[in-house]
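Within every chain, numbering begins at 1; the chains are lettered A, B, ... in the order of the sequence lines, protein sequences first and strands thereafter.
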2 protein chains.
Amino acid sequence: MTDTDLVRQLISRLARLDGDAGRSEGLNPAQSMALEYLARANKFSRQPSHVAEYMGSTRGTISQTLKALREKGLIAEVRSETDRRSVSYELTSRGRTILAQSNALNSAFNELSAKELSQLERSLQVVLNTSLRSNGLKPFGVCKTCTHFAPRTEGGFCNLLSLPLERSETEKLCVENA
Amino acid sequence: MTDTDLVRQLISRLARLDGDAGRSEGLNPAQSMALEYLARANKFSRQPSHVAEYMGSTRGTISQTLKALREKGLIAEVRSETDRRSVSYELTSRGRTILAQSNALNSAFNELSAKELSQLERSLQVVLNTSLRSNGLKPFGVCKTCTHFAPRTEGGFCNLLSLPLERSETEKLCVENA
DNA sequence: TGACATAGTATCGACTCGAAACTATCAGGT
DNA sequence: ACCTGATAGTTTCGAGTCGATACTATGTCA
């Protein structure tokens with residue numbers, strides 16, 4: 001029983017508590033996670049394959065999860081105009097409402113000081129990025145932190161997609177983040 | 001998008017990566033967690049109802065999970081001699097082998113210094129205990145940290161069960177921990 | 001000897017999950 | 001224009017989770 005084993009088990013238990021929070025709203029952990037991802041991802045990163053990559057799952061599985069969320073009226077399909085195979089999802093107003101309600105774990109974090117919380121965030125981020133890299137998975141960081149991002153007075157610019165970004169976009173998750 | 005939301009999402013992603021580690025051994029996250037719990041719990045805390053409490057699940061669900069682990073030959077049933085309803089489980093040698101192999105996330109923690117790791121452990125423990133308390137769940141801490149524990153030169157003594165504890169027992173999880 | 005609590009199991013329906021097969025669409029080369 | 005192959009999503013399968021409910025067997029207390 002090492003220290004890292006202990007931390008791993010703490011993380012597992014916390015994730016279970018957190019995932020169970022959405023159950024009262026009729027969501028299981030996978031559905032909560034997909035909904036949260038869609039809420040945080042930018043408009044280039046809301047396709048089924050992106051959700052699958054983020055969650056470390058397969059397109060087939062995520063197809064089912066998105067179908068469940070769609071039938072519950074929490075997300076809506078947006079078809080691409082340039083690629084007729086491509087589908088994107090966005091939260092309905094009901095989806096946003098549900099999401100805001102399922103944050104049971106949040107109050108527990110108040111026990112930590114602002115400094116402890118930011119230290120916690122940094123440590124978890126380091127461990128996550130290392131694991132993702134060693135498993136060949138994408139980081140899905142926010143635009144601001146990306147190597148393709150160039151800051152502008154208002155918002156920024158993505159050098160990979162050659163597109164200007166509004167300020168709100170720069171806070172969102174992106175598949176292309178590197 | 002608050003800081004606590006971010007930390008929650010980091011925890012979810014890490015837990016998924018960690019849970020998936022056992023899949024190559026043919027275990028799903030729930031099975032991994034139950035196996036890890038049984039490996040860490042003391043002999044008074046290895047009954048199906050204890051596993052259910054630890055995992056925040058129901059006896060019915062855990063009954064199925066334990067059945068799967070039993071059929072895979074990773075745990076063995078031990079019937080109580082004093083209460084014929086009661087069943088307890090312990091790891092087989094095969095179970096211990098499998099458990100030792102499924103620790104994919106561990107190397108990522110090497111990125112953190114010893115100090116950062118212990119700080120991380122402390123913060124997570126605080127948040128977990130707060131959440132558990134506010135949800136009316138048991139902490140499942142190790143004997144050493146329990147209010148019923150009295151240290152002795154070799155091991156200790158449990159004032160609740162009025163039983164001496166070997167040194168190795170004092171490092172194990174207990175249902176009665178308070 | 002009840003009445004009731006407790007330990008565990010079985011079953012149901014909705015869902016996850018990986019794997020594999022499948023459809024539709026797009027892109028490159030000839 | 002045509003064929004080939006890649007890509008985006010969906011469907012289906014079997015094993016399993018999960019909560020809820022109903023069930024059996026055993027223990028406890030009056």
Side-chain angles (χ1 to χ4, degrees), chain A residues 12 15-35 37-38 44-72 74-75 77-89 135 175, chain B residues 12 15-35 37-38 44-72 74-75 77-89 135 175:
Chain A
S12 300
R16 276 180 83 91
L17 281 173
D18 186 46
D20 284 350
R23 280 196 200 280
S24 54
E25 260 69 55
L27 299 180
N28 61 38
Q31 290 168 358
S32 294
M33 193 172 182
L35 193 63
Y37 172 75
L38 289 175
F44 311 113
S45 312
R46 293 192 211 119
Q47 293 164 30
S49 54
H50 303 148
V51 183
E53 273 196 285
Y54 175 77
M55 291 177 62
S57 188
T58 62
R59 296 196 310 273
T61 297
I62 264 55
S63 193
Q64 294 302 104
T65 302
L66 295 176
K67 188 163 125 185
L69 288 174
R70 205 189 317 133
E71 285 169 355
K72 285 172 186 169
L74 307 183
I75 59 175
E77 192 180 278
V78 181
R79 307 229 54 124
S80 163
E81 298 185 354
T82 57
D83 186 338
R84 288 203 294 168
R85 295 169 303 178
S86 178
V87 189
S88 206
Y89 286 95
N135 286 71
V175 231
Chain B
S12 300
R16 275 180 84 90
L17 280 173
D18 186 48
D20 284 350
R23 282 197 199 278
S24 52
E25 260 71 54
L27 298 179
N28 62 38
Q31 291 169 358
S32 293
M33 192 172 183
L35 193 62
Y37 172 75
L38 289 175
F44 312 112
S45 310
R46 293 191 212 120
Q47 294 165 28
S49 53
H50 302 149
V51 183
E53 273 197 284
Y54 176 78
M55 292 179 59
S57 188
T58 61
R59 296 197 310 276
T61 297
I62 263 55
S63 193
Q64 295 303 104
T65 302
L66 295 176
K67 188 164 125 184
L69 288 174
R70 205 189 317 131
E71 285 168 356
K72 285 172 186 168
L74 307 183
I75 59 175
E77 191 180 279
V78 182
R79 306 229 55 123
S80 162
E81 297 185 353
T82 57
D83 186 338
R84 288 203 294 168
R85 294 169 304 179
S86 177
V87 188
S88 206
Y89 286 95
N135 286 70
V175 231

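Here dG9(D) presents its P atom at 12 Å from CD1 of Ile75(A), a figure rounded to the nearest Å.
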Report the C-alpha separation of Arg23(B) and Glu25(B) in whole Å, then their side-chain angles, then the decisive distance to 0.1 Å, and conclude whether the salt bridge (Lys or Arg N to Asp or Glu O under 4.0 Å) test is met.
CA-CA 5 Å; Arg23(B) 282 197 199 278; Glu25(B) 260 71 54; over 6 Å; no
Determine, stepwise, if the pair Tyr89(A) / Arg70(A) fulfils side chain to side chain donor-acceptor pair (under 3.5 Å).
CA-CA 9 Å; Tyr89(A) 286 95; Arg70(A) 205 189 317 133; 3.1 Å; yes
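Of all heavy-atom pairs between Ala34(A) and Thr65(A), the closest is CB-CG2, 4.2 Å.
The environment of Glu81(A) atom CD is sparse: at most 12 non-hydrogen atoms of other residues, nucleotides or ligands sit within 6.0 angstrom.
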With B for base contact, S for sugar-phosphate-only contact and - for none (protein heavy atoms under 4.0 Å), nucleotides 6-17 of chain C reads BSBBBB---SSB
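Contact annotation: the side chain of Ser88(A) approaches that of Gln47(A) to within less than 4.5 Å [non-hydrogen atoms, C-beta and beyond].
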